[in-house]
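Labels below follow one simple rule: chain letters A, B, ... track the order of the sequence lines, proteins then strands, and each chain is numbered from 1.
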Protein chains: 2
Amino acid sequence: MNSYTEENYLKSIYHLSVPTDESVSTNSIAASVNTKAASVTDMLKKLADKKLINYTKYQGVSLTEEGKAIAINIVRKHRLWEFFLVEKLHFKWDEVHELAEELEHITSVELIDRLDKFLGNPKYDPHGDPIPDSTGCIKKDELIPISTLQPGQSAIIMGVREHAPVFLQYLEKMNLTIGKQIKPIEVIAFDHSVLLSVNNNTVSISRDVAKNILVTI
Amino acid sequence: MNSYTEENYLKSIYHLSVPTDESVSTNSIAASVNTKAASVTDMLKKLADKKLINYTKYQGVSLTEEGKAIAINIVRKHRLWEFFLVEKLHFKWDEVHELAEELEHITSVELIDRLDKFLGNPKYDPHGDPIPDSTGCIKKDELIPISTLQPGQSAIIMGVREHAPVFLQYLEKMNLTIGKQIKPIEVIAFDHSVLLSVNNNTVSISRDVAKNILVTI
DNA sequence: CATAAAATTTAGGCAAGTCTAAAAATTTAA
DNA sequence: TTAAATTTTTAGACTTGCCTAAATTTTATG
């Protein structure tokens, strides 16, 4: 079993390595888990002993297959809990991250699989990030921003690209929330703002907003 | 903030003190939290410093008002999560205790209040134990065993008095689960077994079983 | 390519929570 | 009511995870 702390390190290393697929520096981990570099070095030795990371002094680290599997499982739990909090307990998109940071460490596999089923096996969390399945598979990103839709092409809101509370709160207010079906009616030539039909209403959103709302066709 | 460990100590002291309402011994706490007496003494000093318990060397401990409030809040969380696990995720009665031991330490008050509402503000957990409300009030026990019902008096199953897995599994099999409406048809004079109507079926349960199923009228 | 700057690791320590062994207090029982 | 048994506490030590300060390695720059 890995401690709460070890899990957070693995998760951070995972998130830091995904965008670039390169080895991760001690300092970047320190920033991510909110400690000092010296503490990170201590932990890296421990994780390397457990064969959860590949670590060579001064050369940064990468996850082993086993370490990666653990990290992905934490991400799965995090995103499922976020989905639960928004869909069932009606939290706002911008309120759930902190809560999920705690819930993601609940250990039971059975619990998370049942939660997954209870939620209807969602594919994306409320921010539009893909939820890994129980085998660790992560759906390739098939979400596209509203700005790339053709007028008349209806789609369902699955997530966002921008996580700032002020943005998420704006979407709440406009009723542009997860699961809503939307259809662009027209793109205004003047400023590229988009006229959308949502719930039989017509709303207008700026190009910037349209770029940051992710949908599936 | 109190650590996970401190919370467990407070919870144990609470559970140990409720039945007798007397001060709790070091050894009984040690047994309850699964450590050695020496470790308990260390922790008692710490909790006393924090004014969460009344502690005099060699004289056992009791909770202060503040300590009790914390303990009750943990019990509230434990029982609400158990209810969630059984009602929403369809765990069996005998499977949820361990899981709730972990979930009860999730800190957010907002989360637990929303969970409470989502579950319909349940008054009893799946074992029939009362769920404290958000102010710490605990409903006086109003549940009665089936064996005390009059024939024809219908009631709803709220919990059990016996928590042995084999018993809970038997109830599952007989469909005698939480929330089910039941009505005793007849008490057999020979062995005091009870004929019950459940879901338009008639089932027979022994007197012993009837004594261990708690209902509300 | 030499050296300054930055990043990383080592060394030595601290707090929380646990343990064993031994000492002290309390309870039981002869 | 005193000795034995039991319970509780103290003492000293270990592990995990964190820290600061100093040493070392790598990287960047003139």
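In this structure, A:Asn27 reaches the sugar-phosphate backbone alone: every heavy-atom distance under 4.0 Å involves primed, P, OP1 or OP2 atoms, never a base. Residue-level contact check: B:Tyr55 touches the backbone only, with heavy atoms under 4.0 Å from sugar-phosphate atoms and none from bases. When heavy atoms are screened at a 4.0 angstrom cut-off, B:Tyr9 is found touching the sugar-phosphate backbone but no base atom. Residue contacts shown for B:Ser39 include a base, since a base heavy atom lies under 4.0 Å away. Note on A:Thr41: a base of the nucleic acid sits closer than 4.0 angstrom, heavy atoms only.
Between B:Arg76 and B:Asp116, at least one side-chain nitrogen of the basic residue sits less than 4.0 Å from a carboxylate oxygen of the acidic one, meeting the salt-bridge criterion. Under a 4.0 Å N-O distance rule, the pair A:Lys11/A:Glu104 qualifies as a salt bridge.
Taken from CG in A:Leu176 to CD1 in A:Ile146, the straight-line distance is 6.5 Å, to the nearest 0.5 Å.
Applying the side chain to side chain donor-acceptor pair (under 3.5 Å) test to B:Glu162 and every residue at least two apart in sequence or in another chain returns nothing.
Rounding to whole angstrom units, CD1 of residue B:Ile29 and C1' of D:dT7 are separated by 13 Å. Spacing between atom CD of B:Glu6 and atom P of C:dT18 amounts to 10 Å, rounded to whole angstrom units. The distance between atom CG of A:Asp49 and atom P of D:dT16, rounded to the nearest whole Å, is 11 Å. Atom-to-atom, CE of B:Met43 to P of C:dA15 comes out at 16 Å; the value is rounded to the nearest Å. To the nearest angstrom, P of C:dA16 lies 16 Å from CG of B:Leu44. Rounded to an integer number of Å, the gap from CG of A:Asp42 to P of C:dC14 is 16 Å.
Within the 4.0 Å cut-off from OP1 or OP2 of D:dT10, at least one side-chain nitrogen or oxygen of B:Lys45 is found. Within the structure, a side-chain polar atom (N or O) of A:Lys36 is placed less than 4.0 Å from OP1 or OP2 of D:dT20. A sub-4.0 Å separation between OP1 or OP2 of D:dT7 and a side-chain N or O of B:Ser25 is absent. Between B:Thr5 and the phosphate of C:dA16, there is no side-chain N or O to OP1/OP2 separation shorter than 4.0 Å.
Distance from the side chain of B:Ala37 is smallest for D:dT9 among the nucleotides D:dT10, D:dT9, C:dT18.
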Next on the checklist: Walk along nucleotides 21-26 of chain D from 5' to 3' and tag each nucleotide B, S or - by protein heavy-atom contact under 4.0 Å, base first, then sugar-phosphate.
Outcome noted: B--BSS
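A cation-pi arrangement, defined by a distance under 6.0 Å to the six-membered ring centre and an angle within 45 degrees of its axis, is absent between A:Lys88 and B:Phe84.
A 4.5 Å side-chain heavy-atom check between A:Lys77 and A:Leu103 finds every atom pair outside the cut-off.
Aromatic ring centres of A:His78 and A:His97 lie closer together than 6.0 Å.
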